Amino acid sequence: MVREFGVRDFKFHPTMQGIFPNDRNACYTVIEGCTEEGFITLFHAGQTGVGPGMRGGMGMRPKCSNPMHLDDVAADFPDLPIVHAHPSVPWTEEGLAAEQHKPNSCHDISGWSPK
């Protein structure tokens, strides 16, 4: 028996995966599939709790999760729902700019600790 659920999505964690979301060779085939299937995509944005203080940061490169890379994805896939996971620290303003400019982008505020 196949069970259908109302939400179908796909999560990307660019820092952990070592990819830029706007890399046409590394990501666009998967993103095209997500678009065709009507998936909601969630991209980790901003710094990560994986690697800080560890030797070499465990090889993690937070720059992969800069939300401006998602602006390219939103422009190239205007029918793809894109969620920026977290407030994109330290690029919060860039994330907000991308989200305000592209109607298919938004973000969640999980992990945000207002002062």
Side-chain angles (χ1 to χ4, degrees):
M1 172 197 291
V2 175
R3 296 180 73 188
E4 284 290 327
F5 297 95
V7 176
R8 297 185 320 166
D9 59 10
F10 196 94
K11 180 181 180 180
F12 296 84
H13 197 306
T15 298
M16 291 190 74
Q17 293 168 305
I19 55 170
F20 290 95
N22 59 349
D23 182 325
R24 293 178 185 274
N25 295 321
C27 292
Y28 273 31
T29 300
V30 174
I31 293 171
E32 287 169 1
C34 290
T35 304
E36 290 169 8
E37 292 297 320
F39 285 11
I40 296 168
T41 55
L42 182 130
F43 291 83
H44 181 90
Q47 64 191 9
T48 182
V50 179
M54 304 296 291
R55 184 173 179 269
M58 294 177 59
M60 301 293 160
R61 291 175 169 78
K63 66 182 178 183
C64 295
S65 291
N66 184 315
M68 289 312 292
H69 303 301
L70 296 177
D71 186 64
D72 292 338
V73 175
D76 293 339
F77 298 94
D79 297 321
L80 179 71
I82 298 171
V83 178
H84 299 205
H86 317 304
S88 308
V89 173
W91 305 291
T92 305
E93 291 182 4
E94 288 92 332
L96 291 172
E99 293 154 6
Q100 290 173 343
H101 193 258
K102 303 294 187 296
N104 58 325
S105 290
C106 65
H107 80 266
D108 78 64
I109 59 170
S110 65
W112 181 51
S113 181
K115 293 186 169 71

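Here the structure is a predicted model, which is why all the values come from computation and not from measurement.
Phe43 meets the ring-ring contact (aromatic ring centres under 6.0 Å, His included) test with Phe12; sequence neighbours excluded. Glu37 is linked by a side-chain contact (heavy atoms from CB on, under 4.5 Å) to Arg8, Phe39, counting only residues two or more places apart in sequence or in another chain. Listed by chain and number, the residues in a side-chain hydrogen bond (donor to acceptor under 3.5 Å, both in side chains) with Thr41 amount to none (sequence neighbours excluded). In this view, His44 and His13, His86 satisfy the ring-ring contact (aromatic ring centres under 6.0 Å, His included) rule, not counting sequence neighbours.
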Which donor-acceptor pairs under 3.5 Å do the side chains of residues 94-101 make with protein atoms, sequence neighbours left out?
residue	atom	partner	partner atom	Å
Glu99	OE1	His107	ND1	2.6
Glu99	OE2	His84	ND1	2.9
Glu99	OE2	His107	ND1	3.3

Check residues 48-58 and write down every donor-acceptor pair under 3.5 Å in which the side-chain atom is one partner and the other belongs to a residue at least two apart or another chain.
residue	atom	partner	partner atom	Å
Thr48	OG1	Val50	N	3.3

Cut-off 3.5 Å, no hydrogens considered: what does the side-chain donor-acceptor table look like for residues 67-82, sequence neighbours left out?
residue	atom	partner	partner atom	Å
His69	NE2	Lys63	O	3.3
Asp71	OD1	Lys102	NZ	2.8
Asp71	OD2	Lys102	NZ	3.4
Asp72	OD2	Asn22	ND2	2.6
Asp76	OD2	Arg24	NH2	3.3
Asp76	OD2	Tyr28	OH	2.6

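Screening residues 10-20 for salt bridge (charged side-chain N to carboxylate O under 4.0 Å, His left out) gives no qualifying pairs among residues at least two apart or on separate chains. Listed by first then second residue, pairs satisfying salt bridge (charged side-chain N to carboxylate O under 4.0 Å, His left out) with a partner in residues 38-54 number zero, not counting sequence neighbours. Residue pairs meeting the salt bridge (charged side-chain N to carboxylate O under 4.0 Å, His left out) criterion with at least one partner in residues 38-51, sequence neighbours excluded, are absent.
Thr15 and Pro62 get closest at one heavy-atom pair: OG1-CA, 3.5 Å. Closest heavy-atom contact between Leu42 and Ala85: CD2-CB, 3.7 Å. Scanning all heavy atoms of the two residues, the minimum distance from Pro21 to Pro14 falls at CG-CG, 3.9 Å.
With rounding to the nearest 0.5 Å, the separation of CZ in Phe10 from SG in Cys34 is 5.5 Å.
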